[in-house]
Amino acid sequence: MLGWGGIARLCLANAAIGALAALPVNLFNRLMTVELALPALLPGLLVALHYGVQLTRPVWGHRSDAKGGRTPFILGGMVVVGLGVIAVAWGIAVAESSTSVALAIWVAAYIAIGLGIGAAGTSFLALLATASPDARKGAAATLAWLMLIAGAIAASVGAGIALDPYSTSRLLVVVPSVVLVALLITGLAVWRVERRCGPAPLPEEAALRPALAATWADPAARAFTGFVFLSILAFYLSELVLEPFAGHVHGLTPDASTRLSGGKDGAALMGMIAAGALSTFGIGSLRGWAVAGCVISAMGLIALGAGLPLMPATVTLGLGNGLFVVGAIGSMMRLAAARAGATGTRMGVFGAAQAVAAGLAGLIATGTLDLARLAMPDASAYALVFGIEAILFLWAAIVALRLLSPATAPAPAPLVHPGE
């Protein structure tokens, strides 16, 4: 088992994953939709493709269970993600002369991104769940997602600053630099971690299909998988439309809209920190954070659609997202680690549900937006998408109230300084 210092260092891998995962849904989506003037459905389909590929998450989780080691899957997955991200940037440059060639590059690149995130992300969470003492799992989950958001902020804000003024030649320098930094951080994060923790318990079922059947036979795991699908569908619905919304409705430049996404992620970071601080005084539970996060997120979306000031509404949305993450992911880690030898498989099943929901969210949001913009002004079209997402968040809050009882979802342990 890891101490606080080891947990904090391992969670740097999630910061690296967050940094690379932020570029396809924020920066690249904005450049395709606004600068290249392509339909919003195109990046929506590409992001759906990379989420669809992540249906392989149970495979990666079970393989890391069977091999008794997660590190090779984390490192190898990150290399594949990095290559895919660089290829997307190259495709954006190619699109200025040939959209068809760029499309072929993007399809291959987003497949690579999906495979890499599936392997690295599932294996990281499985390693964190097995390497963290039970009393620290809630705090470890919170810290992991703090790092994920911090990585996304660093990549979004850093890339936005470096891309001012924007040009494709500058893009082809900035993106590989972000990838290189992420790979170095990942290597540092996982260095000798598994050697300290010892080998992971081998799964009872050596084959994938029986292992998946055993996971699905658990009523708690099955019900939670349904909650993950609904809540993540709500969580990701605005992911692909926020930056185009800032450009189309508010006239923000690429660097400004990228910083707006960074501000949303920063608010999510503060929400997670607030949940950890309140837990120190015994305030709140995983169910409470999930419900509050859903409701506050809905309030932020309603404000965006109503035309209220952009930054306060975006910050409200981010704050709600942060509280939601604490409740949902803390519960996920506890359920995944409940059965020795099956942590990776369970995490893969939850991750697959998340990937399907996120992919559908992108398609629903971008498809609805393109159709709505044909019949109504841009502001009204975006308001329709935000309104649908607010309804889904409120629905998820009701499900969380019924599913995540205090007895099965205890409050996360308080965040402790890594040196303690």
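Only heavy atoms go into these numbers, but all of them, side chains included; no hydrogens, no water, no symmetry mates.
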Applying side-chain contact (heavy atoms from CB on, under 4.5 Å), run through Leu27 and Leu171 and close with a yes or a no.
-> CA-CA 10 Å; Leu27 176 61; Leu171 180 71; 4.1 Å; yes
Just wondering, do Thr366 and Pro43 contact through their side chains at under 4.5 Å, heavy atoms?
-> no
Closest contact, heavy atoms only, Gly114 versus Val53 | C-CG1, 3.8 Å
When rounded to the nearest 0.5 angstrom, what distance separates CD1 in Ile117 from OG1 in Thr122?
-> 10.5 Å
Which atoms form the tightest heavy-atom contact between Glu243 and Ser257, and what is the distance?
-> OE1-OG, 3.0 Å
Side chain proximity check, Leu148 to Val325, heavy atoms < 4.5 angstrom = no
Any side-chain heavy-atom pair from Val193 and Arg9 closer than 4.5 angstrom?
-> yes
Can you check whether Arg170's main-chain N or O pairs, donor with acceptor, with Ser167's side chain at less than 3.5 Å?
-> yes
Report the C-alpha separation of Leu46 and Met32 in whole Å, then their side-chain angles, then the decisive distance to 0.1 Å, and conclude whether the side-chain contact (heavy atoms from CB on, under 4.5 Å) test is met.
-> CA-CA 11 Å; Leu46 289 171; Met32 291 179 192; 3.9 Å; yes
Glu239 vs Asn26 side-chain heavy atoms within contact, under 4.5 Å | yes
With side-chain contact (heavy atoms from CB on, under 4.5 Å) as the test, would you mind laying out the steps for Leu36 and Leu31 before giving the verdict?
-> CA-CA 6 Å; Leu36 296 179; Leu31 294 178; 5.6 Å; no
Evaluate the side-chain proximity of Thr33 to Leu38: yes if any heavy-atom separation is below 4.5 Å, no if none is.
-> no
Is there a side-chain contact (heavy atoms from CB on, under 4.5 Å) between Thr225 and Phe229 once you walk through the steps?
-> CA-CA 6 Å; Thr225 301; Phe229 178 83; 6.0 Å; no
With the side chain counted from C-beta on, respond yes when Trp106 and Phe28 share a heavy-atom pair under 4.5 Å apart, and no when they do not.
-> no
Heavy-atom side-chain contact between Asn29 and Val47 under 4.5 Å = no
Return the orientation label for the Phe386 and Phe245 ring planes: parallel under 30°, perpendicular over 60°, tilted otherwise.
-> perpendicular
Do Val181 and Ile185 come within less than 4.5 Å of each other through their side chains, counting heavy atoms only?
-> yes
Where the side chain of Thr186 meets the backbone of Leu75, is there a donor-acceptor pair that is under 3.5 Å apart?
-> no
